Amino acid sequence: MAEQKNRILVLDGLRGLAILLVFLFHGYYIWSKHYPFGDLFKDNLLVKYGDLGVQLFFLISGFVILMSMEKTTGFIQFIKNRWVRLFPSMLICSLIIYITAGFFYERPLGIPELKSLLPGILFVDEGLLERIFKTDFPVLESSFWSLYIEVKFYMIFGALYYMFKRNMALLGIFIIYLVAVSYQILEFHHLLPPELLKCKAYIGNFVYFGWFVSGALMYIYYKERDKRYLYAFVIATICAMFYMYRLQDMTRNVYLIILVLVFVGALFWKRMERFFSMRLFTFVGFVSYPVYLLHENMMISWMLKIDRFITVPYWLLPIISFSLVIPVAYVVAEYLEPPIQKKLKSMLKNIK
């Protein structure tokens, strides 16, 4: 029982690390045209590649989702559980973003329209909704994109898992990844037939599926200590690194390798496990989902507000602004989300 508790604790710590990396990317790098300090930190490798925190989230998700599936009796129950886990915070945070947008009018994405709420609440990306309804759906928060990919993974992997069992399901997800990344490579080298180019909008997101497979394989090895799955994890991870083939960026690959080693080390090396089980990481990990949903535009708006009235060192300004989002995320995670989840579970308990 202690081993189970520690494992979950360290996964929370790794989520904390992942959201801190994403914060560095959003707080110091990607919105340089909006920061008071411009592109001052553009050459800092830690912030430049902080977006790779999302890949760490995907690794953790692959690990946790397979663990969850083993405890769930069927596909409908699994999807119910995932929806109950994701929907309340998405609904609450989307409403917070929409309602407070007038105060945070400096948002890089501007003041959202009411219809901007729909993609997040449905967990369907804006592009697909635009093709269905023949109208635009402005982006509420650009960071929502990874949730849309996660939900696609849940649906496809869940269906394969309960139809064909674990190993065939993982193989199926990996084949989908290989098809997507092969498409990307062929497109990069201008080798795709013109009639296949129109598929780009539908196939692009699947290039991230390799990370889910790697996380799931690591869970199997963690649980069973069967070295075949360790070797499979290594192969899957090497393949997963081709997801950004078009960037041809060796530094990004080195950063990714370090993150993968941190992920593995935190699971198997006691010192690293204790480090990422510290309160700082586990607390940030606990609030990581609402923080991820809320922080990007709100944080930048806070930066611009603070800079107008107070002189703050530029390296400190994003940290202060990010810290102002944390209490809101904590209230969502600790007080608002649980009662809604409880109510939803009660309402859905008879759906089998």
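Source: prediction; values computed, not measured.
- The aromatic rings of Tyr208 and Tyr243 sit tilted, their planes meeting at an angle between 30° and 60°.
- Geometrically, Arg166 engages Tyr229 in a cation-pi contact defined by less than 6.0 Å to the ring centre and at most 45° from the axis.
- Taking all atoms of both residues into account, the shortest heavy-atom contact from Val332 to Pro338 is O-CD, 4.1 Å.
- Between atom CG of residue Leu317 and atom CE of residue Met299 there is a gap of 10.0 Å, rounded to the nearest 0.5 Å.
- When the side chains of ILVMFWY residues are joined at heavy-atom separations under 4.5 Å, either directly or via intervening members, Phe286 and Ile326 end up in a single hydrophobic cluster.
- A distance below 6.0 Å separates the ring centres of Tyr330 and Phe283.
- With 3.5 Å as the limit, one finds no donor-acceptor pair spanning the side chains of Thr135 and Glu130.
- Under the 3.5 Å distance criterion, the side-chain polar atoms of Tyr292 are matched with a main-chain donor or acceptor of Ser143.
- Within a 6.0 Å sphere centred on CE of Met278, other residues, nucleotides and ligands contribute more than 12 heavy atoms.
- A donor and an acceptor atom, one from each side chain of Glu337 and Ser89, are located under 3.5 Å apart.
- Under a cutoff of 6.0 Å and an axis angle of 45°, Arg225 and Tyr222 form a cation-pi pair.
- The shortest distance between side-chain heavy atoms of Phe212 and Ile65 does not fall below 4.5 Å.
- Counting only N and O atoms by type, the side chains of Tyr35 and Asp307 include no donor and acceptor under 3.5 Å apart.
- Aromatic ring pairs are classed by plane angle as parallel below 30°, tilted from 30° to 60° and perpendicular above 60°; the pair Phe268 and Tyr221 is tilted.
- If you look at Phe63 and Tyr219, their ring centroids are closer than 6.0 Å.
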